[in-house]
Amino acid sequence: MHELRIVEDLMTIVRKVAEEKGLKKVTKVNISMGKLVQIVPSLLEAAFNEAVAGSVAEGASIEIETVAVQLRCRICGKTFTPDANGFECPVCRISDIDVLNGNELFIKSIEGE
Amino acid sequence: MTMEITIMRNILDRNQDKAREVRELLVSKNIMMINLISSPGAGKTTLLERTLETITGRFRAAVIEGDVTTDRDARRLQRFDIPITLINTEGGCHLDSHSISRALDSFNLDELDVIFVENVGNLVCPSHFDLGETFKIAVVSTTEGDDKPAKYPMIFREAKAAILNKIDLIPYTNFSPANFMSDLRSLNSLLPLFEISCTRGDGLEEWRKWLEEQIAGRVRT
Ligand SMILES: Nc1nc2c(ncn2[C@@H]2O[C@H](COP(=O)(O)OP(=O)(O)OP(=O)(O)O)[C@@H](O)[C@H]2O)c(=O)[nH]1
Ligand SMILES: [Mg+2]
Ligand SMILES: [Zn+2]
């Protein structure tokens, strides 16, 4: 559901940048998405394919790069990736962490002419 | 000629910017805003009823009710005689900071200490949309199964506290408190958890006490 809203906001940025840069046509949109972000890539893609119709990005493709999760223990400072133990620090065996990577949802670039 | 234009911007910037504005406004008015997030039917409105029953005597409260299409939840709270604003999302699965900002316009912010926001029933979408709240509370109920923390880690990471509701129904379900706890603790070991029954009353005292401490301890920064 929220894929629609995210695509709306994405298209607002795409249209604005395309206009600023004088692009007549946007052929590709590159975005980055953290593994913790609960968005279904295929739904996002489907919503994107509908949203571009009739816009400067008509027919454009979207490439979704996923970013692995990286956490940092607030107690001992170790950085680690989560495994079967959830977000538990492998050293302290307790989960009190900051998410360093994995929460991102950003537009990297657009391609066009 | 094809060219690539680098942008590197958060897609949800528009929501984030407004959320920042809301947060600044609330800080300037010394108001705490609490965003309640759960699956449909976990008990957000019932929890609000149980909470408002005691809290309205001590703090000046208001409610923003997020509802997909109806005003049923807002009507359930009318007996409290506090300001209530309804936001119908018209099918949308979450509230956003722009709708919250408009809702705040309908309150007299000089006469409030705390605003409760009942988000639309959904564990996924609301966790992506910052409303400008002071903190989020994750509400889950025993009838949803014990796997919610494992399946929806984001909200249990971001919440300031979690509530496990409907513990009166544990005997009738396959809910395993041990599994729930171990999944929750492996995501967030220090998260305060209140195990409650809104119908029977278990755990409500602890919850209210914690909440009142939060509201009383809010500071003008
Ligand atoms: N047995 C039992 N039932 C409860 C408890 N808390 C709430 N309920 C019932 O659960 C149902 C749903 O509660 P609501 O408070 O409407 O849930 P909600 O999260 O506000 O639901 P939505 O706004 O539709 O997402 C109602 O029939 C409540 O009476 C509880 O602690 N025990
Ligand atoms: Mg409700
Ligand atoms: Zn550690």
Side-chain angles (χ1 to χ4, degrees), chain A residues 1-14 16-18 20-23 25-40 44 69 71 74-75 82-89 92-99 102-113, chain B residues 1-18 37 40 68 89-99 119-130 147-158 179-192:
Chain A
M1 276 295 273
H2 57 310
E3 283 81 5
L4 284 178
R5 164 62 190 274
I6 286 163
V7 163
E8 261 174 42
D9 284 8
L10 175 66
M11 284 307 293
T12 307
I13 300 172
V14 169
K16 186 157 164 279
V17 173
E20 281 167 11
K21 301 290 176 180
L23 292 184
K25 195 171 165 41
V26 174
T27 51
K28 195 168 168 209
V29 174
N30 295 300
I31 72 168
S32 227
M33 193 168 91
K35 275 241 165 85
L36 289 176
V37 176
Q38 290 176 313
I39 291 174
V40 185
L44 189 70
V69 181
L71 311 172
R74 286 185 189 153
I75 300 163
D83 55 17
N85 294 320
F87 290 9
E88 249 171 48
C89 168
C92 305
R93 290 281 158 216
I94 179 173
S95 174
D96 182 20
I97 52 103
D98 289 313
V99 177
N103 267 339
E104 42 283 277
L105 180 61
F106 62 90
I107 175 167
K108 290 195 294 184
S109 66
I110 59 176
E111 297 169 35
E113 50 200 58
Chain B
M1 199 193 66
T2 309
M3 59 175 166
E4 180 167 5
I5 297 162
T6 305
I7 303 176
M8 289 297 179
R9 245 179 77 185
N10 183 344
I11 295 172
L12 297 178
D13 256 0
R14 215 174 68 85
N15 184 69
Q16 205 58 50
D17 291 347
K18 196 67 177 183
I37 296 178
V68 179
T89 58
E90 312 295 346
C93 50
H94 58 86
L95 295 173
D96 67 16
S97 55
H98 292 267
S99 54
N119 216 311
V120 178
N122 185 327
L123 274 180
V124 178
C125 313
S127 65
H128 290 108
F129 290 87
D130 187 356
D147 57 358
K148 291 300 158 289
K151 284 172 96 167
Y152 304 97
M154 188 98 143
I155 181 60
F156 295 94
R157 280 290 336 149
E158 293 189 350
N179 288 351
F180 177 81
M181 279 307 239
S182 91
D183 283 352
L184 180 69
R185 289 307 170 212
S186 74
L187 279 176
N188 195 339
S189 302
L190 308 178
L191 185 73

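Convention: sequence-line order gives letters A, B, ...; per-chain numbering from 1.
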Value rounded to 0.5 Å, distance of [atom1] in [X] from [atom2] in [Y]:
| X | Y | atom1 | atom2 | value |
| --- | --- | --- | --- | --- |
| Ser186(B) | Arg93(A) | OG | CZ | 11.0 Å |
| Ile5(B) | Lys21(A) | CD1 | NZ | 6.0 Å |
| Ser182(B) | Glu88(A) | OG | CD | 8.5 Å |
| Leu12(B) | Leu105(A) | CG | CG | 5.0 Å |
| Arg74(A) | Leu190(B) | CZ | CG | 8.0 Å |

Listed partners of Asp13(B) passing side chain to side chain donor-acceptor pair (under 3.5 Å), at least two apart: Arg9(B)

- request: For His128(B) and Gln38(A), indicate whether the former's side chain and the latter's backbone hold a donor-acceptor pair under 3.5 Å.
  value: yes

Heavy-atom side-chain contact between [X] and [Y] under 4.5 Å:
| X | Y | value |
| --- | --- | --- |
| Thr6(B) | Lys108(A) | no |
| Met8(B) | Ile107(A) | no |
| Met3(B) | Leu23(A) | yes |
| Glu104(A) | Asn10(B) | no |
| Ile94(A) | Ser189(B) | yes |

- line: Highest number of heavy-atom pairs under 4.5 Å with chain B among Thr12(A), Asp9(A), Val99(A), Ile39(A) belongs to Asp9(A)

message: Assess the residue pair His94(B) and Arg5(A) against the criterion (side chain to side chain contact (heavy atoms under 4.5 Å, CB included)); give the C-alpha distance rounded to whole Å, side-chain angles, the decisive distance to 0.1 Å, and a yes or no.
response: CA-CA 10 Å; His94(B) 58 86; Arg5(A) 164 62 190 274; 4.0 Å; yes

Between [X] and [Y], what is the shortest heavy-atom contact and its length?
| X | Y | result |
| --- | --- | --- |
| Ile97(A) | Arg157(B) | O-NH2, 3.0 Å |
| Phe129(B) | Ile6(A) | CZ-CG1, 4.4 Å |
| Ser95(A) | Arg185(B) | CB-O, 3.6 Å |
| Leu36(A) | Met154(B) | O-SD, 3.7 Å |

field: side chain to side chain contact (heavy atoms under 4.5 Å, CB included) against Pro192(B), all qualifying residues, sequence neighbours excluded
entry: Ala161(B), Phe194(B), Trp210(B)

Per-residue contact mode, Val37(A) against chain B (heavy atom under 4.5 angstrom): both

message: Can you tell me which portion of Ile13(A) sits under 4.5 Å from chain B's heavy atoms? Options are side chain, backbone, both or neither.
response: side chain

query: Got a sec: does the NZ of Lys16(A) have more than 12 other heavy atoms crowding it under 6.0 Å?
result: no

message: For a side chain to side chain donor-acceptor pair (under 3.5 Å) check, start with the C-alpha distance between Glu4(B) and Ser109(A), then their side-chain angles and the critical distance, and finish with the verdict.
response: CA-CA 7 Å; Glu4(B) 180 167 5; Ser109(A) 66; 2.6 Å; yes

